[in-house]
Every structure is written in structure tokens, then in C-alpha cells.
Trainee: 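The structure under discussion is supplied below as C-alpha cells; questions concerning it will follow.
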Amino acid sequence: MIVKLPDGRIVEHHGPATLKDVLVTTNKELLKTTVGAKLDGEVVDFHRVLPADANVELISLDSPEGAAIYRHSYSHIMAQAVRRLFPGVRLAIGPAIEDGFYYDFDVEKPFTPEDLEKIEAEMKKIVKENYKFERLEVSKDEARHFVKDEPYKLELLDEIPDERVSFYRDGDFIDLCRGPHILSTGQVKHFKLLSVAGAYWRGDETQKMLQRIYGTAFATKEALEQHLQMLEEAKKRDHRKLGKELEIFFFDEEVGPGLPLWFPKGAVIIEELEKLAKETEEKADYLRVRTPHICKESMYLRSGHLPYYQESMYPPMEMEGVKYYLKPMNCPHHHKIFAALPRSYRDLPLRLAEYGTCYRYEKSGELFGLMRVRSMQMNDAHLYCSLEQFESEFLAVCQMYLDYFKLFGIEKYLMRFSTHDPKDLGKKYVNEPELWKQTEEMVRRALKSGEINYVEVAGEAAFYGPKIDVQVWSAIGREFTLATNQVDFAQPRRFELVYKNAQGQDEIPICIHRAPLSTHERFIGFLIEHYAGAFPVWLAPVQAVVLPITDRQHDYAEKVLQRLKDAGIRAELDSSSHTLNYRIRHAQMQKVPYMLVVGEREAQNEQVAVRLRNERDLGAQPLTKIIDMIAKKIASRDPSL
RNA sequence: GCCGGCGUAGCUCAGCGGUAGAGCAACGGUUUCGUAAACCGUGGGUCGGAGGUUCGAUUCCUCUCGCCGGCUCCA
């Protein structure tokens, strides 16, 4: 047997053995820092008897695979503690997740924060008691007998195809589990329970709600502390906190949940984003349109929104016996614009764009600051094209995302190709099985030809077609779809959209829905966190603040302010009677990119002393030069100061 | 929508069965200052809302609204 150690050295062992046997005889030290091994890509633990010809690579505690193993072990330790403290509990599932673990429990009374403390204390005991994790393999029948009082485990067992299944035991606790696990409960000592929350069994809202406890664990005390501190830091860049502090947006109880109000500073950011979108779309030959916020019921019956999207729509208002709905999407209105004129193949691709205002009745518990709201303005456009044009149109849209992301410095994102799940046809998705297959294949081909990295997820498509979603994460780690690029084969048919092809025959166009800049709400929510409130100059609500040192420079400061404004720079003058230090601190906390200090010397020489938001001091500079510099940064949307 | 937690001044928070307090902010005055908090003073709250228990409720109970952590769902 060949064992590759984390430092690259190789250890040989003769005959079959468990990993533990090998390490005990060759390198006992490694028993402390190794949590398992990789055997032909499969992760195995200490307990597996490995064949004589095995070629394994050790997994150390500090590797990502190692972390997943000990975190999973911690979900067992937590379940063990819960079982000791709440004997009537029924166990559901307990996996490792990114940065931690959870376990779902069915308990009579939901856990309180005090319960969490008790559970944590009990877990510490279990860690100290240092039980070995033992693997037991049994037949399914034996397994059923083992878990006869655990309804959730029985359900899980029924779904395991294998004839034999494994259990893991540590001390007084045993759980159905594939493994692998750490050597013993004392091998990793640093953990913390973070929160309790309700969670439906199998994530299905028709099923029973269980109690989920989240926790985190790390190989070292330092790593745990660092992680906890990172969580604290993340809270500081939470857009809900910064949004109010920087006077960007707020919510008002009386206006309603999920209905943000934008302060003037927020409106500035919106205007800048719209300017960017208009410029970009104009270059790409998009045409702007405008549509009303409501429409009659009949249009949403035709579009398919009413059968497939109704639960996300505000209830209708009735006038003169006709029902009107607030629009949850802009597409039907745009389809009407396509249909309003006779279209020829020469008109295609036709790209209709609008920052459309939509309203969606999101369930109250789903609302989340600006990231999930009920009123939103979408960076929307619908591209109508022929089958032949599809690929290049689709890829051009993907390229547009990537260009935007580069501009904003967005590096951490995931392109997700969302396809339909055939079992939901007619329920979540329009019932066109063949068209679904064809369209999805078309998108797959386009993605491959464009060499775009993506993951494919079934069951996440829009009701009218597959889509590419760009996933990002909020400061506190919640995942959101930022941009979206969707293919629609259903609505063009339903709206009877046609164009005359070169042979003079009617053809149905394909429609691409796209929103690379997401909605103003979600995009700005995301940007606030992405920049931690320190927007690049072109987006900063206040780009420069003029700070006269004393009242004697007031006139000159006014002049500087005027010159800045004349150059199109959003500038303010802070001539309040606070000390200079105070005013600098204030500007700094408002994340104003440029602080222009003017004292006696600057006033005499037509200069300003420039302090940057990043605390760099450019010293005294000619006013003209600085104005020129800032104006250039704005015009080129330069991310640097 | 579901499970749990929380709502006290603009913000961060203290208090608690006898009708409210701090710091910062705001406002007034003094200060005129060279790169992250000058000094003094003043005002500000139907303690989220409604009902109940009580001689008396911000405090205890019920309902309701909103927010937060998740689940589900999504731009």
C-alpha cells in the first residue's frame, strides 16, 4: 500500500490495513492532524480496511476536505448532546456545510437560546470524553431494526439503493451515516453553536417543520476566532446598516414591507447606473421603450403568469368589472410592442430595453433589505431573434454581463444554468416537453461555444424557459441571483409573435430576457456590500467635499465648490463650525472619495490640499489639475481614486 | 407563508409593576482650528400598536404590525 503524506513524502505498507494501522506504525504524529484519506477520489476514514494495492493520499485537518469531515463529525457530536439533554428528540439530517455544520431535530418544544448554551456545554463534555468514532456496516434489515424509533432515518434508509449501509458510533451515540469521520470526538476541539432556526423536513414546506441548529468548527482556536471575527466584520458591511448610515435608502413601516424609499444619495446611484445601462445598450443597438405599470388580467392569462406565477403577484384591483394586475415582469408588455407592428427578418434581432418598474408579492419572511423587495426596477430587455441568430445574441448578452462585472470588480460569482425538472411540467413550467429539451440543448451549445464556465441545476428554470443566473453572496453569506439571462420559447407562441422570413413566411421568434444589472434594488444592495459603502468615484453620491480650515477661507471655498460643480463633479462644502478633524472624520465615515482642504496657503495659490478616502494625502495641488483629474476618473468610470 | 428571537430619543443601548436615562447626532452659544471626535448649554420619547390583568403597566398576559436568524421562494 502506498500512502502519500501531506508533506509529499511517501510511506509504504505491506498488506491490507486500516489507515489507523498504517499511521500507528509509521507516523503517530500524523494521527493528530489527519482526518482521512482519498482513495481513487473517494474520501475514506481511518476505519476502512484498505486493500494491499491501495494508493491513498492523506487528508489533513487544515484542508477543505478535512474541514468537511470534522464539521460533519461535529454534527454527530451535537446530535449526541441533544439526545442526552432531550431524550425524546427524533433525528433528521446533519451535514457539513460551508464553514460549519447543522443538524435538524424534531423536538416537542423549539430550542431556546439558553438551550443552545446547554447543548454547547454538553458538546464540550463529549469532546473531552474523547470517544472513538467506530464504523459499523450492517444489512438494511438490521439497519431498519436499529432505527425503528427514528421515522426520519427510516425514510432515508428506504432511499439508499445499497444492500449494506453504515452506522457510526461514538460513545453512547450511534447514527446512520455514510461517513467518514474524525478519529475521535476529541480530535478537533474548536467549535461554536451559532443559531437555531426552523427548517422544513426535506426543505419541503408541506412537510413538518424541524428545528435546525447551526454551528461552526475549526482545526485551531485561531481559525475559529478569525472566522467569528469575520462574521462580525461582515455585519458592518451589511447593506441594511450602511444604507441608512450613508443615507442611501430606508424602509418605512407605514409605506409597507419590501417597499424601499430612496434618499437623494440613493437616487444618484440609480441615475448613474441607468446612465451606464443606456450607454451600453445604445452601443449594442438596443431600443428603449416605455410601458405602464399595470395591465388587464387577460394579458397575464395569455402570458402564462396567472397560472404559473400568480402567487408572486399582488392581488388584482377591479375597475368597471375588469381585473387589473400590477406587473411582476415587463415581458408581456414588450411582447405587445413587438406584436404591434408587422415584423420582418430584417428587423431582427429586435432588442427592446426598459428600466421597468415591477411589483412582486414576495412572502413576508422572504424579504431581505434591498436584496429582496416587493417593488423593483429591472435592468430589463427582451431580444427577439431568429433561431440562427440565437447563439450570437445569447453570447453577446453573456459578454455584456462579464464586461459589467469587470467594471464593478465583481470576481466572486457563479454562472448557473437553470433547467426545468420534467416532473414539474404543467405545474411550475409550461407544458412543452419537446421545446424545453430543444431550448436547453441550444443554450448548452451556446455556453460551450462561448467557453463560459457554468454549473447546471435542474428545477431552477423560469416558467417559460431555461436561464443562466449569476449567483452572488451577500456580506452575511446569503446567496442571491444577481443577473439573469433567460430563454423564452413559450411566450412568443402564446402572444402569436411572428416575423416574415426571407421566403415571406411567418416564423416565430425566440425571445431572450436579460437583466445583467439585475434590479436597482438588488444591484445597489449588492454594491453597497461589495464596496463596503466606498463607491468608486463615478458612483459616489458625493464625490468631493470642500473643507475650509477657518472662516477666512470661506469665499475661496465657495469658489472651489462652484468650480467643481461646473466641472460636473458632485461636491459639497462643509463650512460648519466643527473642527477640521471633526469634518474630516465625518467625510471619511461618509466615504467621500476626495476631501479638499483649503487653508490660507491654498487660497493664495489657487490650490487645494487633497486627502483621499483611503487616507492618502496628495498634498497641495493646483485646483485646475485636481478638477481635471476627478472629472477624468468620473468620465472613464475609473475604479481607482 | 412557516419556526424562533427582538421592537425604549435620529443612531447605539441602559432601565423596569409606582407614568423614563446615557453616549453620539440635532439645535443655540463660545471656539477659527492644517488631515478621523474642541468646550458649554438646550430641546427631544403616547417605551411599535390595540386590548386585558392590576389601585397603578414601558415592565406581566393576549392579539396585531414591523424587524432580525433560518426554511421555502426569487431579480
Side-chain angles (χ1 to χ4, degrees), chain A residues 102 104 107 109-113 115-116 194-214 238 240-241 244-245 250-254 256-258 309 311-312 328-329 358 360-373 376-380 418 428 460 462 467 469-472 476 478-484 486 513-523 525-526 547-554 575 577-589 595-602 609-612 615-620:
Chain A
Y102 69 78
D104 285 348
V107 265
K109 271 194 297 181
F111 297 118
T112 64
D115 290 338
L116 232 60
L194 298 174
S195 60
V196 220
Y200 300 107
W201 166 237
R202 320 219 110 179
D204 180 343
E205 60 183 326
T206 63
Q207 303 257 27
K208 186 165 188 189
M209 179 154 281
L210 310 173
Q211 293 300 311
R212 175 173 300 178
I213 302 178
Y214 284 95
D238 189 319
R240 293 167 298 184
K241 183 175 159 64
K244 193 82 185 278
E245 283 171 13
F250 70 102
F251 291 93
D252 181 272
E253 256 192 56
E254 207 161 7
Y309 202 74
E311 65 168 30
S312 296
M329 295 184 195
C358 297
R360 295 184 184 173
Y361 196 85
E362 305 288 354
K363 294 179 193 166
S364 58
E366 294 165 346
L367 301 173
F368 181 78
L370 279 183
M371 306 292 250
R372 194 75 182 278
V373 291
M376 70 209 82
Q377 265 188 288
M378 237 188 285
N379 172 229
D380 215 354
S418 303
K428 271 169 79 177
E460 299 285 333
K467 56 180 182 170
D469 287 329
V470 183
Q471 302 301 108
V472 294
I476 59 166
R478 234 193 259 198
E479 182 178 338
F480 286 94
T481 299
L482 195 67
T484 185
Q486 316 179 341
H513 306 233
R514 43 110 278 176
L517 292 181
S518 188
T519 60
H520 280 322
E521 288 72 17
R522 187 170 289 178
F523 200 68
F526 173 78
L547 303 169
I549 291 177
T550 75
D551 288 350
R552 291 189 296 279
Q553 288 85 47
H554 185 77
S575 55
S577 70
H578 292 288
T579 58
L580 179 64
N581 275 341
Y582 181 94
R583 286 174 289 151
I584 283 177
R585 180 180 145 84
H586 182 72
Q588 192 82 42
M589 290 196 307
M595 283 155 259
L596 308 179
V597 178
V598 296
E600 202 52 46
R601 295 196 296 272
E602 288 77 15
V610 184
R611 179 194 162 102
L612 304 181
E615 296 186 46
R616 257 181 66 213
D617 187 350
L618 301 189

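Lettering of chains follows the sequences in order, A, B, ..., and the numbering in each one begins at 1.
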Trainee: Taking any heavy-atom pair under 4.0 Å as a contact, classify A/A609: base, sugar-phosphate, or nothing.
Mentor: base
Trainee: What contact category does A/E245 fall into here, base, sugar-phosphate, or nothing, at under 4.0 angstrom with non-hydrogen atoms?
Mentor: nothing
Trainee: Please classify the nucleic acid contact of A/K467 as base, sugar-phosphate, or nothing, using heavy-atom distances under 4.0 Å.
Mentor: sugar-phosphate
Trainee: Which whole-number value in Å describes the distance from A/M371 CE to B/rG69 P?
Mentor: 12 Å
Trainee: Between the side chain of A/R583 and the main-chain N/O of A/S575, is any donor-acceptor distance below 3.5 Å?
Mentor: no
Trainee: Report yes or no: does A/R514 contribute a side-chain atom to a donor-acceptor pair with the main-chain N or O of A/N379 at less than 3.5 Å?
Mentor: yes
Trainee: Out of B/rU32, B/rC74, B/rG1, which nucleotide sits closest to the side chain of A/E362?
Mentor: B/rC74
Trainee: Which part of the nucleic acid, if any, lies within contact of A/I549, taking any heavy atom under 4.0 Å across all strands shown: a base, the sugar-phosphate backbone alone, or nothing?
Mentor: base
Trainee: Indicate yes or no for a side-chain donor-acceptor contact from A/R522 to the backbone of A/M371 under 3.5 Å, with no hydrogens or angles considered.
Mentor: yes
Trainee: Give me the distance, rounded to whole Å, that separates B/rA75 from B/rG51 when you measure between the P atoms they each carry.
Mentor: 43 Å
Trainee: Counting side-chain heavy atoms from CB outward, which of B/rC74, B/rG70, B/rU72 is closest to A/R360?
Mentor: B/rC74
Trainee: Any base atoms under 4.0 Å from A/S518, or only sugar-phosphate, or nothing? Heavy atoms, all strands.
Mentor: sugar-phosphate
Trainee: Which whole number of Å gives the distance between the C1' atom of B/rC6 and that of B/rU30?
Mentor: 43 Å
Trainee: Is any side-chain nitrogen or oxygen of A/R616 closer than 4.0 Å to OP1 or OP2 of B/rU35?
Mentor: no
Trainee: Given side chains that start at C-beta, do those of A/E602 and A/L596 come closer than 4.5 Å, heavy atoms only?
Mentor: no
Trainee: Under 3.5 Å for both pairing distances: what stems, at least three Watson-Crick or G-U pairs long, include RNA chain B?
Mentor: B:1-7 with B:65-71, B:10-13 with B:21-24, B:26-30 with B:38-42, B:48-52 with B:60-64
Trainee: Using a 4.0 Å heavy-atom cut-off, does A/Q553 contact any base of the nucleic acid, only the sugar-phosphate backbone, or nothing at all?
Mentor: nothing
Trainee: Could you tell me if the side chain of A/Q588 sits less than 4.5 Å from the side chain of A/M595, heavy atoms only?
Mentor: yes
Trainee: OP1 or OP2 of B/rG1 less than 4.0 angstrom from a side-chain nitrogen or oxygen of A/S364, does that happen here?
Mentor: yes
Trainee: Contact class for A/D551 vs. all strands (heavy atom < 4.0 Å): base, sugar-phosphate, or nothing?
Mentor: base
Trainee: Looking only at side-chain N and O atoms, does A/Q553 offer a donor or acceptor that is under 3.5 Å from a partner on A/E600?
Mentor: yes
Trainee: What is the distance, rounded to the nearest whole Å, between atom CD of A/E521 and atom C1' of B/rC74?
Mentor: 14 Å
Trainee: So A/T519, base contact, sugar-phosphate only, or nothing? Heavy-atom distance under 4.0 Å.
Mentor: base
Trainee: Looking at every strand, decide which applies to A/F368 at a 4.0 Å heavy-atom threshold: base, sugar-phosphate, or nothing.
Mentor: sugar-phosphate
Trainee: The side chain of A/R240 is closest to which nucleotide in this list: B/rC68, B/rA75, B/rC71?
Mentor: B/rC68
Trainee: For the side chain of A/R478, counting heavy atoms from C-beta on, which of B/rC33, B/rG69, B/rA36 is nearest?
Mentor: B/rG69
Trainee: Please enumerate all protein N or O atoms sitting under 3.5 Å from an N or O of nucleotides 22-27 of chain B, with distances to 0.1 Å.
Mentor:
residue : atom : partner : partner atom : Å
B/rA25  : OP1  : A/Y582  : OH           : 3.0

Trainee: I want to check one thing: is the phosphate of B/rC33, taken as OP1 and OP2, less than 4.0 Å away from some side-chain N or O of A/R552?
Mentor: yes
Trainee: When we call it a touch if two heavy atoms are under 4.0 Å apart, what does A/R212 touch: a base, just sugar-phosphate, or nothing?
Mentor: sugar-phosphate
Trainee: At less than 4.0 Å, is any side-chain N or O atom of A/K363 found next to OP1 or OP2 of B/rU72? Yes or no.
Mentor: no
Trainee: Would you say A/K467 and A/T481 make side-chain contact, with heavy atoms under 4.5 Å?
Mentor: no
Trainee: Give a yes/no on whether any side-chain N or O of A/K241 is located under 4.0 angstrom from OP1 or OP2 of B/rC11.
Mentor: no
Trainee: Looking only at atom types and distance, does a side-chain atom of A/D252 sit under 3.5 Å from a main-chain N or O of A/E254, one as donor and one as acceptor?
Mentor: yes
Trainee: Would you mind telling me which of B/rC3, B/rU72, B/rG34 lies closest to the side-chain atoms of A/E602?
Mentor: B/rG34
Trainee: Within the structure shown, what part of the strands sits under 4.0 Å from A/L482 by heavy-atom distance: base, sugar-phosphate, or nothing?
Mentor: sugar-phosphate
Trainee: Under 4.0 Å between a side-chain N or O of A/Q486 and OP1 or OP2 of B/rA75?
Mentor: yes
Trainee: Could you tell me whether the side chain of A/F368 reaches within less than 4.5 Å of the side chain of A/I476, counting heavy atoms only?
Mentor: yes
Trainee: Side chains of A/T206 and A/D204: any donor to acceptor distance under 3.5 Å?
Mentor: yes
Trainee: Between A/R360 (side chain only) and A/P328 (backbone N and O only), is there a donor and an acceptor less than 3.5 Å apart?
Mentor: yes
Trainee: Can you tell me, in whole Å, how much space there is between the C1' of B/rU8 and that of B/rU19?
Mentor: 14 Å
Trainee: In whole Å, I'd like the distance from the CZ atom of A/R372 to the P atom of B/rG1.
Mentor: 13 Å
Trainee: P atom, B/rU62 versus B/rU53: distance in rounded Å?
Mentor: 15 Å
Trainee: Would you indicate what A/E615 reaches in the nucleic acid, counting non-hydrogen atoms under 4.0 angstrom: base, sugar-phosphate, or nothing?
Mentor: base
Trainee: Surrounding CD of A/E311 (heavy atoms of other residues, nucleotides or ligands, distance under 6.0 Å), is the total greater than 12?
Mentor: no
Trainee: Extract from the structure each pairing of a protein N or O with an N or O of nucleotides 60-65 of chain B at less than 3.5 Å, listing the distance.
Mentor:
none

Trainee: side-chain contact (heavy atoms from CB on, under 4.5 Å) for A/Q211 and A/D115? Distances and angles first, verdict last.
Mentor: CA-CA 12 Å; A/Q211 293 300 311; A/D115 290 338; over 6 Å; no
Trainee: Measure the shortest side-chain to side-chain distance between A/Q377 and A/T519 over non-hydrogen atoms and say whether it is less than 4.5 angstrom.
Mentor: no
Trainee: Categorize A/G203 for me: base, sugar-phosphate, or nothing, with a 4.0 angstrom heavy-atom threshold over every strand shown.
Mentor: sugar-phosphate
Trainee: Answer yes or no: does a side-chain N or O of A/R202 lie under 4.0 Å from OP1 or OP2 of B/rC71?
Mentor: no
Trainee: Aromatic rings A/F526 and A/F523: how do their planes relate, parallel, tilted or perpendicular, breaks at 30° and 60°?
Mentor: tilted
Trainee: Select base, sugar-phosphate, or nothing to describe what A/T112 touches, counting heavy atoms under 4.0 Å on all strands.
Mentor: nothing
